[in-house]
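Report on the following structure.
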Number of protein chains: 2
Amino acid sequence: MTEQGFIQPLFTVDNVMFAINNARLYVLLVKRAIAPYHNNWSLPGGFVDIALDKDVEACAMRKLKQKTGLTPAYLEQLEVFSGADRDPRGYSVSLAFFALLPYTPVSSQINSVSHASWWPLDQLTQLTLAFDHQFIIAQAHQRLQQKALYSMLPVFCLPATFTVGQLKMVIETILGKDIQRKSLMRRIEASDMFTLTEQKQVSGGRQAQLYQLKPGVDITHFSRNMGA
Amino acid sequence: MTEQGFIQPLFTVDNVMFAINNARLYVLLVKRAIAPYHNNWSLPGGFVDIALDKDVEACAMRKLKQKTGLTPAYLEQLEVFSGADRDPRGYSVSLAFFALLPYTPVSSQINSVSHASWWPLDQLTQLTLAFDHQFIIAQAHQRLQQKALYSMLPVFCLPATFTVGQLKMVIETILGKDIQRKSLMRRIEASDMFTLTEQKQVSGGRQAQLYQLKPGVDITHFSRNMGA
DNA sequence: GAAATAGTGTCTTTGAGACACTATATG
DNA sequence: CATATAGTGTCTCAAAGACACTATTTC
């Protein structure tokens with residue numbers, strides 16, 4: 001109850017963390033150890049601990065670390081999902097976050113009661129997820145695709161140092177369609193967000209230039225679209 | 001307390017409603033009737049009533065109606081602001097909404113304890129607003145400016161039927177800079193979101209075509225930038 | 001040399017900026 | 001008529017798409 005005498009809704013945080021492995025888009029899920037939706041796969045999240053969490057972003061980071069052992073390279077608020085019917089325990093309000101990380105295997109057994117695991121996005125339709133998490137993931141995926149069109153956000157799916165070919169693969173995986181290598185190179189150049197380093201070889205061919213994010217750059221803004 | 005034994009943060013909703021009058025951008029504020037920040041101006045908002053509000057959007061609409069008598073033409077989630085220090089009553093989480101409306105005078109005395117009033121955005125620095133509302137408004141303004149560049153959202157600051165000249169004025173007021181009439185007309189054409197009606201005269205000159213939103217159009221998406 | 005991947009040159013296409021021009025209204 | 005606002009024609013400019021070309025590496 002608040003001072004105003006209202007019953008407060010349950011407030012939770014949920015994280016949709018994406019990574020790319022082998023030209024496929026993965027989402028990080030955890031198996032629920034308690035009711036409701038016991039043993040169903042769900043988004044890693046939970047309640048704010050006002051003693052531990054400076055703000056909701058800190059809460060999201062803490063929950064991810066705690067439940068999956070991973071720390072996102074990028075995190076932003078997605079949207080609030082709310083209503084009386086989305087959680088059987090009662091009226092709930094959940095702030096969903098959208099996160100990116102270079103693919104890292106998860107030690108599937110974090111603690112005695114919960115598993116964490118990467119799931120290919122295109123296989124999620126075969127799972128029954130807890131709450132409205134299927135829908136939240138769909139919204140997050142849409143946001144990821146939009147941002148891949150007009151920002152350099154996809155670099156957070158790559159290590160600190162990466163090649164144009166790798167970034168092209170990541171963007172194409174996110175968008176589900178091919179883009180022009182030339183256009184991408186023009187954007188990298190125009191963005192003025194990256195610097196070169198040495199070299200590196202991948203399979204077969206010529207060695208690729210390695211790029212690196214300039215320190216202190218705000219990567220979230222880029223003015224024009226691509227691929228749409 | 002939740003089932004998990006945590007103290008839940010206070011969850012509230014705040015609304016940043018914009019309107020344009022006389023080529024100036026206004027924000028709707030209410031004078032607080034209770035502590036904290038008694039008698040300070042603040043964003044209209046409040047606690048969710050789980051019996052009345054289907055979801056947080058419904059809560060935002062209800063609070064606006066209740067505290068200001070107005071119903072927004074457009075409403076979207078802006079961002080969650082949270083932390084231990086933003087509200088003296090304790091750790092709080094506030095979901096801010098961003099709303100647009102054709103300018104409508106408010107009956108300043110909604111009930112015995114609170115006033116609602118439109119304030120020119122450029123005069124807000126002279127006010128001491130409650131909580132972090134000054135900052136929230138700044139974020140909302142930034143969002144409004146961004147969306148004015150790549151979407152047709154500014155039409156929600158106009159009546160159902162409007163002229164290109166009016167829309168140009170609204171966009172210029174939001175952006176704080178002039179845009180090309182020709183570019184705007186190309187965008188209206190390209191968007192395929194509007195239909196023509198009859199005519200209308202404004203001051204002096206030739207009568208302008210009246211445009212109208214096509215039914216069922218999603219106005220929130222438009223691919224390219226303008227003015228940036 | 002063949003195959004594979006990296007990177008360039010350059011023509012086309014799209015849409016915005018600039019701005020002069022025409023059109024239609026009022027007094 | 002002058003003035004004011006509405007709307008068009010069209011050149012330029014910026015950035016993406018398409019795609020053939022060159023470059024460098026492994027086998």
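Values below: all heavy atoms of this structure, side chains included; hydrogens, waters and symmetry mates excluded.
Residue A:K182 places no side-chain atom within donor-acceptor reach of the base of C:dG7, judged by atom type and a 3.5 Å distance cut-off alone. With hydrogens and angles ignored, a donor-acceptor pair under 3.5 angstrom links the side chain of B:R206 to the base of D:dA6. A donor and an acceptor atom never sit less than 3.5 Å apart when one is taken from the side chain of B:R181 and the other from the base of C:dG17.
Between the CD atom of B:Q207 and the C1' atom of C:dG27 there is a distance of 15 Å, given to the nearest Å. Per the geometry, CG belonging to A:D178 stands 17 Å off P belonging to D:dA16, to the nearest Å. In this structure, B:Q209 atom CD and C:dA25 atom C1' are separated by 13 Å, rounded to whole Å. Taking atom CD1 of B:I188 as the reference point, atom C1' of C:dG15 lies 15 Å away to the nearest angstrom. The separation between A:L196 atom CG and C:dG7 atom C1' is 12 Å, rounded to whole Å. Rounded to an integer number of Å, the gap from CE of B:M185 to P of C:dG17 is 15 Å. For B:K200 and C:dT24, the NZ to C1' distance is 17 Å, given to the nearest whole Å. Atoms CD (A:E189) and P (D:dA14) sit 15 Å apart, rounded to a whole Å.
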Verdict with reasoning, A:E76 to A:R143, per side-chain contact (heavy atoms from CB on, under 4.5 Å): CA-CA 11 Å; A:E76 73 168 35; A:R143 174 93 128 234; 3.0 Å; yes
Evaluation steps, side-chain contact (heavy atoms from CB on, under 4.5 Å), between A:Q77 and A:L95: CA-CA 7 Å; A:Q77 293 185 17; A:L95 170 58; 4.1 Å; yes
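Listed pair B:Q180 / C:dA18 meets the phosphate criterion, a side-chain N or O lying under 4.0 Å from OP1 or OP2.
In this structure, B:H115 and B:W41 have tilted ring planes: the angle between them lies in the 30° to 60° band.
Each of A:L210 and A:R186 lies near DNA chain C, and the nucleotide nearest A:L210 is the one positioned closer to the 5' end. Along DNA chain C, the nucleotide nearest A:V164 and the nucleotide nearest A:G205 are compared for position; the residue whose nucleotide lies closer to the 5' end is A:G205.
Exactly one residue among B:F156, B:F18, B:F97 makes a ring pair (Phe, Tyr, Trp, His ring centres under 6.0 Å) with B:Y74. That residue is B:F156.
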